[in-house]
Protein chains: 4
Amino acid sequence: MEEAPHSDKSGDTVERILCAAAEVFAESGFPGARVDEIARRAGVNKAMLYYHVGDKKDLYEAVIRSIIVETAERLEEEIRQAGTPEDKMRIYMRRFAATLDENPLMPPIMMRELASGGTTLPRSALEGVARVISLIGGILDEGVAKGVFRPINPFLVHMMVAGAFIVYKVAAPVRERAEFIPEEVRRMPRELAGSVLGDVEEMVLRAIRK
Amino acid sequence: MEEAPHSDKSGDTVERILCAAAEVFAESGFPGARVDEIARRAGVNKAMLYYHVGDKKDLYEAVIRSIIVETAERLEEEIRQAGTPEDKMRIYMRRFAATLDENPLMPPIMMRELASGGTTLPRSALEGVARVISLIGGILDEGVAKGVFRPINPFLVHMMVAGAFIVYKVAAPVRERAEFIPEEVRRMPRELAGSVLGDVEEMVLRAIRK
Amino acid sequence: MEEAPHSDKSGDTVERILCAAAEVFAESGFPGARVDEIARRAGVNKAMLYYHVGDKKDLYEAVIRSIIVETAERLEEEIRQAGTPEDKMRIYMRRFAATLDENPLMPPIMMRELASGGTTLPRSALEGVARVISLIGGILDEGVAKGVFRPINPFLVHMMVAGAFIVYKVAAPVRERAEFIPEEVRRMPRELAGSVLGDVEEMVLRAIRK
Amino acid sequence: MEEAPHSDKSGDTVERILCAAAEVFAESGFPGARVDEIARRAGVNKAMLYYHVGDKKDLYEAVIRSIIVETAERLEEEIRQAGTPEDKMRIYMRRFAATLDENPLMPPIMMRELASGGTTLPRSALEGVARVISLIGGILDEGVAKGVFRPINPFLVHMMVAGAFIVYKVAAPVRERAEFIPEEVRRMPRELAGSVLGDVEEMVLRAIRK
DNA sequence: AATGAATGAGGTTTCATTCAT
DNA sequence: AATGAATGAAACCTCATTCAT
C-alpha cells in the first residue's frame, strides 16, 4: 500500500535478474551460463541485464557478492553469540548448515570458484571467508585455554566442515540418480539440518575434544 | 616393423592430447575449455584432436576415464590389503590422499563434476565411486562387528574425507594468494601426505571409534 | 503569459538538443553518433529527443539545416555586396573563412557528407551550395568581361577554396598533436582569418587574374 | 606455373578481404561499415576475417596501412626525380592526382580520417604525410633560393593541393547526381588527370611563382 | 514536458567442427 | 598422420526506439 510502486518495480526487476543469474551460474558455472537463459528466467529482455546490472562478468560479481559476502557476514554475527566453546562450535556448524540448506545455490557456486582457484572471486568474498576462519580460530583457542579442546588448525577444521557440507549438498542429485548406489545411501536426506548435521557435529567435536 | 615407431609416435600424440585436455579441463571446466587451447598445448593441429580422439565431449570423457576411473580402481585394490579395520581406514585415507597428491588435476575436475550434479559423468566413473563407498561400508561393518567402531554411514565418511581432501587441495592456490590470511595458514603444505593427512586420519578415527 | 517562460524553456531544450547533436555528429559522423550521448550532452532524457525533434535521422537533418543551410544563405547575402570582382572574390573568401572559424562544427560535418557522396544531404543543402557556386560564376564572368580575370571554372575555384579551408580547419588537431611535424607548421594558427586567409586570398587571386 | 598454389590461395583470400574492407570503409566509414558486408563482398565467411586479419579495428588499420602508407611512400620516391623546382612541383601534383585517380577509395577514407581529427590514424600514416610535406618544403626552399618562388608555407600548399584534389574527387558523385547544378559543371570529368590537373597546376604555380 | 524502464533488431566476435590437400 | 583454411551456429553486447507513468 505505502510502497512506492516505482522503486518497487525496478528493485523487483533487479532482484529477479540476480536470482535468475544465481540460478544459472549455479547450474552451469560462469563460462557455461548463457546470458539469454538468465534473461529468459528473469522474464526480462536481455538488454535489461545490461541496463540494470551490466555485462556477464558484472552479473556474476553481483551474484557472488549477494550470496557469498552476505552469508559470511550473517554467519559471523551468529557465531558471536553462545557460551562454551563447544556450544560455539555447534552453533557455527548449525548455522553454516542452515545457510547452505536455505541457499541451495551457494554450494555449486562456491565449489566452482574453488575449482578455478578463486581467480575470479572478488576480494570481499575472500575476506568474508577469512573472517570466518579467524572466528573459528578464536573458538578453538578458547577451548584449548579452557582445557577442553586439543590444539588444531582452524583452517583445517573449516575445510573439513565446509568441505563435507558442500560436497554433501552438491552430491545429493548424483546420489539420488545413480541407481547402483545402495538404497540406504540414496535415501539420505537432502537437508543437512537433522541427522547429517548431528553426525558431523558429533564427529567434529569428538575429533577436537581433548 | 615400420609401424612400431609409427604407432609409438601416434600413441605419443594421443597421450599428449589427453594430457593437454586434462590440464585445460582442470583449469577451466568443460564449457570453459577451448579446443584450440588444448591443441596448442598438445602441440598439434586442431583437426588432430578429432582424428585421434573425437569431439570435445569425447576428449572430456577420455580424460575422465583416464583420471577418475583408473584412480578408483587402483584405490579399490589397495584398500583390500591390510589387517584391522583401523588399518584399513588408514590405508584408505592414505592412498586416497596420495592419489590426489600425485594427480593434481583430479581435484578440480571432480569438484566441477560434483558442482554440475555429475550430469556429464560417465557411468563407469559413478560405478567406481560406488565401489569405493561399499568398500568403506565393509570396513565400517567389520569394525562395528569387532566392537571398535560406532555404526556410521559410509557415504558420509567418504564425503567427509573426500570433501576435506579435495577442498584442501583446490583451496591451496587461493590460500597462498590471499595476503590477509594468517601466515600460519598460508604456510600450510600443498601436499596432503604428512601433517594434514595425519590430522585428518586422527580426526576421522576419533570420530568413528567407539 | 505563463507560456512565455514555458516555451522559452522548451525552446531552450530544443536548442540544447540541437547543439549537442551537432557536436556529436561533428565528432563521430552519423553512424558513429550515439543517441544516448546526444541526450547526455544536452542534459535531457533520451525520450525528449524523440518528443521534441524526432528520430536520429531527424536530428541529423535539423543539424544540417541549422548549420549548412543557414550558412549558405548568409554567405550568399554577404557576397552580393561590394564593388570590383576582386573585392567580391575577397569578400567571398573572407566570409567563408569567417563562417568556418565561427562554426567549428561545420567542417567535419561537411567533410563526412562529401565522403559519403552526399547521400544523406537534404536537398536544401545541395541547393545552397549550388547557389554559392553560381554566384562565384557570376563574379568570374564579370571579371572576365572586365578583362581582369582569366576564364576559369567556378566549381573548381570553390572546390579549391572550400577544400583548402575545410581541410585546413579539420587538420588543425592532427597537426598540433603530431610531434614529428616541424615546429613552424605546428604553430600555425587554428583560425583561418589572418595570415592563412591572406595567403589563400593571394594565391587564388594570382591564380585567376589575367 | 611456379607459384605455390597454397600460399596463392591464402594470399588471395587476405587480399580479397582487404579490398572488400577498403571498399566498405570508403563507402561508410569505420562506424558505418558492417563486418557482414565486408565478408559478403570478399566472398568469405565472416569468421575468416578474424582468422586472417583480426577484428574490425585490425581490418581498418590494415586498410589504412595498405592504402595510405604505401601511397605516401610511392609519392615520395616519384618526387625525388625531376629537375627544376617548377618541374618538381608539377611532378608532385601530377603523381598525387594520378594516385587518387588510381585509388578511388583513398579520398573518402582520408577525408573521414581528417574529419575525426585523425584520432584513429596509425602513426605510420601520419609519418608518411609528414615526409611528403617536408619534401614539398625542400622544393619550395630550392625555388626561393633560385629566385623563382615566393616564400610560402609548404603545409598550406599541400593542404590546398590535396584539399582541392580530394574534395574534387569525393564531390564527383554529388555533382553528377544533383540535377540543379549547371550542366557544364556536372559534365566535368571524374578524373583529375587532364584539364582539372592542368588548371590546378597552373593556379598553384601562379600562386607561388615570384 | 519529462523520466526510467523496456524492447527487438542487429552488430561484433567466438567457437566447435569439417574440408581439401 | 597432419595441416591451414573454411564454415555456421550461436554467444555476447549495443543501439535506436517506444512505453507507462
Side-chain angles (χ1 to χ4, degrees), chain A residues 4-7 9-14 31-39 43-52 54-59, chain B residues 3 6-7 9-14 31-39 43-52 54-59, chain C residues 3 6-7 9-14 31-39 43-52 54-59, chain D residues 4-7 9-14 17 31-39 42-52 54-59:
Chain A
H6 194 151
S7 79
K9 201 169 137 214
S10 159
D12 228 38
T13 300
V14 170
R34 297 295 114 120
V35 172
D36 286 56
E37 178 65 11
I38 296 175
V44 304
N45 184 286
K46 222 188 332 177
M48 278 300 94
L49 307 189
Y50 295 88
Y51 180 75
H52 283 294
D55 66 13
K56 196 183 176 183
K57 171 182 53 54
D58 296 330
L59 279 171
Chain B
E3 286 117 348
H6 200 166
S7 82
K9 202 173 126 211
S10 156
D12 219 38
T13 300
V14 170
R34 303 295 120 143
V35 173
D36 284 56
E37 177 65 11
I38 296 176
V44 304
N45 184 282
K46 221 186 339 175
M48 283 300 95
L49 307 188
Y50 292 85
Y51 182 82
H52 284 294
D55 65 14
K56 194 182 176 184
K57 172 181 54 54
D58 296 331
L59 278 171
Chain C
E3 286 118 345
H6 201 167
S7 81
K9 203 173 126 212
S10 155
D12 219 39
T13 300
V14 170
R34 303 296 120 144
V35 173
D36 285 55
E37 177 65 11
I38 295 176
V44 304
N45 183 282
K46 220 186 341 175
M48 283 300 96
L49 307 190
Y50 292 86
Y51 182 80
H52 284 294
D55 65 14
K56 194 183 178 186
K57 173 181 52 55
D58 295 331
L59 279 170
Chain D
H6 193 151
S7 79
K9 201 168 135 213
S10 160
D12 227 36
T13 300
V14 170
I17 289 173
R34 297 295 114 118
V35 172
D36 287 56
E37 178 65 10
I38 296 176
V44 303
N45 184 287
K46 226 186 330 179
M48 279 298 95
L49 307 188
Y50 294 87
Y51 180 75
H52 284 294
D55 66 12
K56 196 182 175 184
K57 169 182 56 53
D58 295 330
L59 279 170

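Every chain is numbered from 1, with letters handed out A, B, ... down the list of sequences. This is a predicted model, so every value here is computed, not measured.
- By the 4.5 Å heavy-atom criterion applied to side chains, C:V35 and C:Y50 are counted as neighbours.
- Smallest separation of non-hydrogen atoms from B:P31 and A:G32: CB-CA, 3.5 Å.
- For the OP1/OP2 pair of E:dA2 and a distance below 4.0 Å, the side-chain nitrogens and oxygens of C:T13 include at least one atom meeting the criterion.
- Residues C:Y51 and B:V35 each lie close to DNA chain E; by heavy-atom proximity, the contact nearer the 5' end of the strand is made by C:Y51.
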Query raised in the report: So what is the 5' to 3' dot-bracket string for DNA chain E, if pairs are Watson-Crick or G-U wobble with both distances under 3.5 Å, crossing pairs use [ ] and | means the partner sits on another strand?
Result: .||||||||||||||||||||
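- At whole-Å resolution of the value, CG in D:D58 and C1' in E:dT12 are 13 Å apart.
- Closest to the A:M48 side chain, of the nucleotides E:dC15, F:dC13, E:dA5, is E:dA5.
- We find that CG of D:D12 is positioned 15 Å from C1' of F:dA6, with the value rounded to whole Å.
- In this entry the distance linking CG of C:D55 with P of F:dA16 reads 11 Å, nearest Å.
- Following rounding to the nearest Å, D:K56 (NZ) and E:dG11 (C1') show an atom-to-atom distance of 8 Å.
- An OP1 or OP2 oxygen of E:dT14 is reached within less than 4.0 angstrom by no side-chain nitrogen or oxygen of D:Y50.
- Across all strands, B:A39 comes closer than 4.0 Å to no nucleic acid atom at all (heavy-atom distances).
- For the pair D:K57 and A:V44, both in contact range of DNA chain E, the more 5′-proximal nearest nucleotide belongs to A:V44.
- When all heavy atoms of A:A39 and A:K46 are compared, the pair lying nearest together is CB-CA, 3.8 Å.
- The CG-P distance, from B:D36 to F:dG4, rounds to 13 Å in whole Å.
- Counting to the nearest Å, the P atom of F:dC15 and the CZ atom of D:R34 are 11 Å from each other.
- Look at C:N45 and you'll find a side-chain N or O under 4.0 angstrom from OP1 or OP2 of E:dG4.
- If you check distances only, the side chain of C:K46 does reach the base of F:dT17 with a donor-acceptor pair under 3.5 Å.
- Side-chain N/O atoms of A:H52 include none lying less than 4.0 angstrom from OP1 or OP2 on E:dG4.
- Nearest to the side-chain atoms of A:A47 among the listed nucleotides E:dT7, E:dT3, E:dG11 stands E:dT7.
- When A:D36, A:T13, A:V44 are each tested for a side chain to side chain contact (heavy atoms under 4.5 Å, CB included) with A:L49, only one passes: A:V44.
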